[in-house]
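By convention in this document, chain letters (A, B, ...) are assigned in the order of the sequence lines, proteins followed by strands, and residues within each chain are numbered from 1.
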Amino acid sequence: MRVTNKMLANNYMVYLRNNLENMQTLQEQQATGKQINKPSDDPFKAARIMQLNTDLNVNAQYKSNISDASDFLSTTDSTLGQIESIFERVSDLLSSTGNITYGDSQRQSIKDEITEHIGQLSQLLNTSFDGTYIFAGTRGANKPTGVVKDGNGNDTLVYLDKSGGTITNMASTDIQNIQKNLSTNISEGVTVEYSVSAYNIDQYGPAPSSLTKPTCLRDLLTNIMNNLSGKNGDGTTPGVGDDPYKCLITGDLQGIKDAESNILSMRSLVGARETAMKNASARNDTQNFNLTKVLSSNEDVDIAQNTMESNEMQTVYLASLQISGKILQPTLLDYLR
Amino acid sequence: MSGLFSIFSIGVRGMNVQQSALEVNSHNISNANTPGYSRQRAVIETTTPYGMPSMNSESGPGQFGTGAQVTTVQRIRNEFLDYQYRTQSSINEASSTKDNYLSQIEGILNEVSGTGLSKTIDDFFNSWTELAKTNPDSMDERTVVTTQAKNMTDEINQKYNELQDIKKSAQSQIQSAVTTINSTISKINNLNQQITAVKAAGEEPNDLMDTRDGLLDELSKYFNIKVDDQQFEGINVTSQDPTDPAARAALGNSNMIQSINPGQTRTLSYITSIVKDPSDVSGKTYIINYAELGDTVSAGKAKSMKVTPITAAQCQQLEENRVMWADNSGQAIKKGGTTIADGDTVNFSDIEMFSSSQGQLAGYVSVQNDVDNYIEDLNKMAKAIALGVNAIESGRKNDPTNVATLDKCPLFVNSSTVTQTPADEAGINAGNITINPDIIAHNDKLKTRTHDDQYDYESANTQDDSKDGTRATAIFNLKNSLLNIADISDNMTRVDFLNDNPFSGADNMKIASATSGSTIDDYYKNIGDSIGTKESEAKGVAKTQQSLLDSFDQSREAVSGVSEDEEVANLVQFSHAYQANAKVISTISELLDVVINGLIK
């Protein structure tokens, strides 16, 4: 086939262009550290990388949800612990009233101490974390409980509505909202509750509760205060056969013990949830690690291999430049005299 | 016996021949680097010998030759190679145009870096679960949600606009292509006339033909041309398409260049815009405005015609294609070859669209088609987000026939309408999706609670309390629901969408996953994937076609190219021959001297 000088020159341009293109690809890979920079470089890998990025993103969000829920749960746990120690103290005080040497003045001082404890109990039930009252369910913007003086001049524990007044209707929406627990997603499709409501702490026995047969803390504490003042649990004057002081070490003490075991079961529930959160967090970390590993193996450039390839490419480029220089230059004119 | 003087003239002839050959040689050398130049060769033949046998001729040794002559200057060119090159050039231009534009589109929808629209959509959904945690009533948290939502809609709008820009750029390229084609055609027509004139006079119009071939190469880049040889080296040129003989017959005379009657050739015109005819309420009539010869600058070149009836799909076809067959002055023609006057009404089937299967024009049309498809996919995704999130956020069907189900404060709205009726919501697409400014200004109107669906406005719900973020969590979970996104149409209302993807569970907070659906995120990723695959393929094809074109160019160059070494060798050869012929003359002159001066003293 006839070969002209122009053909040699054209070919040289084509080969040079190819070499430079290859070098440019390697240079891009080295500079960004990524194997592909647009989907068309390798569509299949690109699809995987995009999916992995989304998964990592979602995982990070779940991690944040888990950690927030864990913080909430640990605050709940320590508060429940403090409530439990209040009950223990009240239970000791009630047992001590069985001492026959105790007279009115001792009972009065016990009553004063229990009044203090009622105030503390309300404060603990009003614990807030991150701007929310942790025992107030979905009504967490307002305090759930308060202390008011009842008809006999004793402090009692009550539920408060949003404006600070006492709630008397146990079926009202406020009480229902206090009972609703908060929940969050900790992984795809998994929602867990992480709060405990004041209602569950208060109602230690089967509802409904009344002053004559107390099954909730409010009624029980009112009973105790009345008994300590020498009245019947519901505030009436004792008649024949009523022995308020005996009630202190029988019915009242039993009530406090029931409340304590309720708190214990609440604590174990919270404890179990905390463990579940820790496990979820560990799983999330493992998941994160695995995803990152796969992402890196798909996306990242092997620096050693890339460096070798680019050195090879450079050699080829230099060789092509040299040879073309030798071929393109000489013509017949150089040899005619 | 011719005598010494005839030998003299043989020598002179010889010198002239070598001199002419040298002239052709030097023309080749000086044009060694002229693009499109084919080397020329002086064809040297012997002159007629004398001594034809007849009654009066002597017998003796004969015939004696009478020297040489240059009969013609031949142009070395292989027409088949030209045909190969031009066909391949059309294919190459089509695939490289596609590659070029697809890589631009890929740049717009690139998600590989992990910081694109996909991430923004993830952040939008994540903001809802953040909100649902401890503080769903907090103004700060709600501002984060509305801000993320606005970021997302802004980014969707931007991508929509960028894709539209690509369409516009392809269309303006079509216009400049039409102008270039028309001017090239008129140049070739002129050259054609000159060439036939020269050839008819008996000479070889070599350089003119080189110029014409160069222009034909240029033309083949835009569409696939068909060249028919005519008398006296004239040509008729038209486009290969339409290949269907009936369709071609319907065009009438489809030659863009012809050697006879050059004033009756066809040209191309460019459609500048297609708008609905306001006087026809049925919406089936459109006005097509076009520029004769693609000229939008000169006065009096803008013409128009009415088309009826025409469907939306046919309209889109016209919009993507934009080039029409026209007569010599640029006026559009209809089937049968008659021109369409300015303002005439025609059927869609009458319009002669110029379509080519290869070349840049084909590339621009297919690119627009691709972009239209991607825009449609983006629209579907935007609508899925709008309808899905609105449905769960309000828990309502937004059915205009049932007032109790109306959504009084939707989150995603249509920015191109003033009101927010269900019909306006049905018109949401990627270009006009935005956040309800009412909610941005008063983000307490965002519904996040379990029973908010039963109340027109969030403030009326006294049943649920402030820390109830169940509905917000439900919106977060929407991103895992499989929705029938591919079935969403341009005017689908929320009612239709919910018929396709019904609520499930209590309080209208969950949309049931469809077995053949996909999540919003997956749908968007599929768009990016398909572009990546297409562009990767286009890149490969473009590279292959380019190397094929290079090899055809190589073949042409091998036949028609000037080799400097060869020309220099010829130079040496002809100059020696010239010297030898000159020597003949000086020898004969000496002999003549002997005869004249030496024979008789």
Item checked: chain B contact via A/K162 - which portion, at a heavy-atom distance below 4.5 Å -> side chain

Check: Quick one: are B/S563 and A/R2 in side-chain contact, heavy atoms under 4.5 Å?
Finding: yes

Checklist line | Selection from B/I121, B/L571, B/V568 maximising heavy-atom pairs under 4.5 Å formed with chain A | finding: B/V568

Item checked: B/K534, part contacting chain A, at a heavy-atom distance under 4.5 Å -> neither

Notebook entry, point to check: When you measure from the side chain of B/N110 to the backbone N and O of A/N37, does any donor-acceptor pair fall under 3.5 Å?
Noted result: yes

Next item on the list: Examine whether an atom of B/K525 lies under 4.5 Å from a heavy atom of chain A, and if so say whether it belongs to the side chain, the backbone or both; otherwise answer neither.
Entry: both

Next item on the list: Counting only heavy atoms closer than 4.5 Å, note whether A/N65 contacts chain B via side chain, backbone, both or neither.
Entry: both

Notebook entry, point to check: Which answer fits B/F125, side chain, backbone, both or neither, if we ask what part of it has an atom under 4.5 Å from a heavy atom of chain A?
Noted result: neither

Next item on the list: Check the surroundings of atom CD in A/Q24: do more than 12 heavy atoms from other residues, nucleotides or ligands lie under 6.0 Å from it?
Entry: no

Margin query: Can you confirm whether more than 12 heavy atoms, excluding those of A/E274, are under 6.0 Å from its CD atom?
Written below: yes

Next item on the list: Select one option (side chain, backbone, both, neither) describing which atoms of B/E566 are under 4.5 Å from chain A's heavy atoms.
Entry: side chain

Check: Would a 4.5 Å heavy-atom cut-off, applied to side chains only, mark B/N135 and A/D130 as touching?
Finding: yes

Next item on the list: Kindly write out the residues that satisfy side-chain hydrogen bond (donor to acceptor under 3.5 Å, both in side chains) with A/S64, not counting sequence neighbours, or none if the list is empty.
Entry: B/E130, B/K133

Note to self: Which atoms of B/R556 are under 4.5 Å from chain A, going by heavy atoms: the side chain, the backbone, both sets, or neither?
What the structure shows: neither

Next item on the list: Sort B/D464 into side chain, backbone, both or neither according to what part of it lies under 4.5 angstrom from a heavy atom of chain A.
Entry: both

Item checked: More than 12 heavy atoms of other groups within 6.0 Å of B/K539 NZ -> yes

Next item on the list: Measure from the side-chain N and O atoms of B/E106 to the backbone N and O of A/S40, and report whether any donor-acceptor pair falls under 3.5 Å.
Entry: yes

Check: Is any side-chain N of the basic residue among B/E564 and A/K6 closer than 4.0 Å to the acidic one's carboxylate O?
Finding: no

Next item on the list: Among the options B/T450, B/L109, B/T129, pick out the one with the most heavy-atom pairs lying under 4.5 Å from chain A.
Entry: B/T129

Item checked: A/R139 (side chain) donor-acceptor with B/D465 (main chain) under 3.5 angstrom -> no

Notebook entry, point to check: Under a 4.5 Å heavy-atom cut-off, does chain A meet the side chain of B/N526, its backbone, both or neither?
Noted result: neither

Check: Do any of residues 11-22 of chain A come closer than 4.5 Å to chain B, heavy atom to heavy atom, and if so which ones, in number order?
Finding: A/N11, A/V14, A/R17, A/E21

Note to self: What part of B/T462 gets within 4.5 angstrom of chain A, counting heavy atoms only: side chain, backbone, both, or neither?
What the structure shows: backbone

Margin query: For B/D550, which atoms come within 4.5 Å of any heavy atom of chain A: side chain, backbone, both, or neither?
Written below: side chain

Notebook entry, point to check: What are the residues of residues 41-62 of chain A, in order of number, with any heavy atom under 4.5 angstrom from a heavy atom of chain B?
Noted result: A/D41, A/P43, A/A46, A/A47, A/I49, A/M50, A/Q51, A/N53, A/T54, A/N57, A/V58, A/Q61, A/Y62

Margin query: Counting neighbours of NZ on A/K143 that are heavy atoms of other residues, nucleotides or ligands and sit closer than 6.0 Å, is the number greater than 12?
Written below: no

Check: B/Q463 and A/T173: side-chain donor and acceptor closer than 3.5 Å?
Finding: no

Margin query: Does any backbone or side-chain atom of A/K38 lie under 4.5 Å from a heavy atom of chain B? Answer side chain, backbone, both or neither.
Written below: both

Note to self: Between B/N477 and A/N185, does the side-chain contact (heavy atoms from CB on, under 4.5 Å) criterion hold? Intermediate values first, please.
What the structure shows: CA-CA 9 Å; B/N477 283 329; A/N185 290 34; 2.8 Å; yes

Next item on the list: Test B/K467 against A/K180 for side-chain contact (heavy atoms from CB on, under 4.5 Å), laying out the working first.
Entry: CA-CA 10 Å; B/K467 298 295 177 187; A/K180 289 190 191 150; over 6 Å; no

Check: Between B/D565 and chain A, which part of the residue has a heavy atom less than 4.5 Å away: side chain, backbone, both or neither?
Finding: both

Note to self: Report which part of A/I134 has an atom under 4.5 Å of a heavy atom belonging to chain B: side chain, backbone, both, or neither.
What the structure shows: neither

Note to self: Is it true that A/N177 and B/D468 share a donor-acceptor pair across their side chains at a distance under 3.5 Å?
What the structure shows: no

Checklist line | Taking every non-hydrogen atom, the tightest pair across B/D137 and A/A141 | finding: OD2-CB, 4.0 Å

Margin query: Counting only heavy atoms not in B/Q573 (residues, nucleotides, ligands), do more than 12 fall under 6.0 Å from its CD?
Written below: yes

Next item on the list: Mind checking side-chain contact (heavy atoms from CB on, under 4.5 Å) for B/S38 and listing every partner two or more places apart, or none if nothing turns up?
Entry: B/R75, B/R77, B/D210, B/S560

Next item on the list: Sort B/V572 into side chain, backbone, both or neither according to what part of it lies under 4.5 angstrom from a heavy atom of chain A.
Entry: side chain

Margin query: Quick check on the interface: out of B/S118, B/S547, B/S536, B/A32, who has the most heavy-atom pairs with chain A under 4.5 Å?
Written below: B/S536

Next item on the list: Answer whether the closest heavy-atom distance between the side chains of B/T473 and A/T184 falls below 4.5 Å.
Entry: no

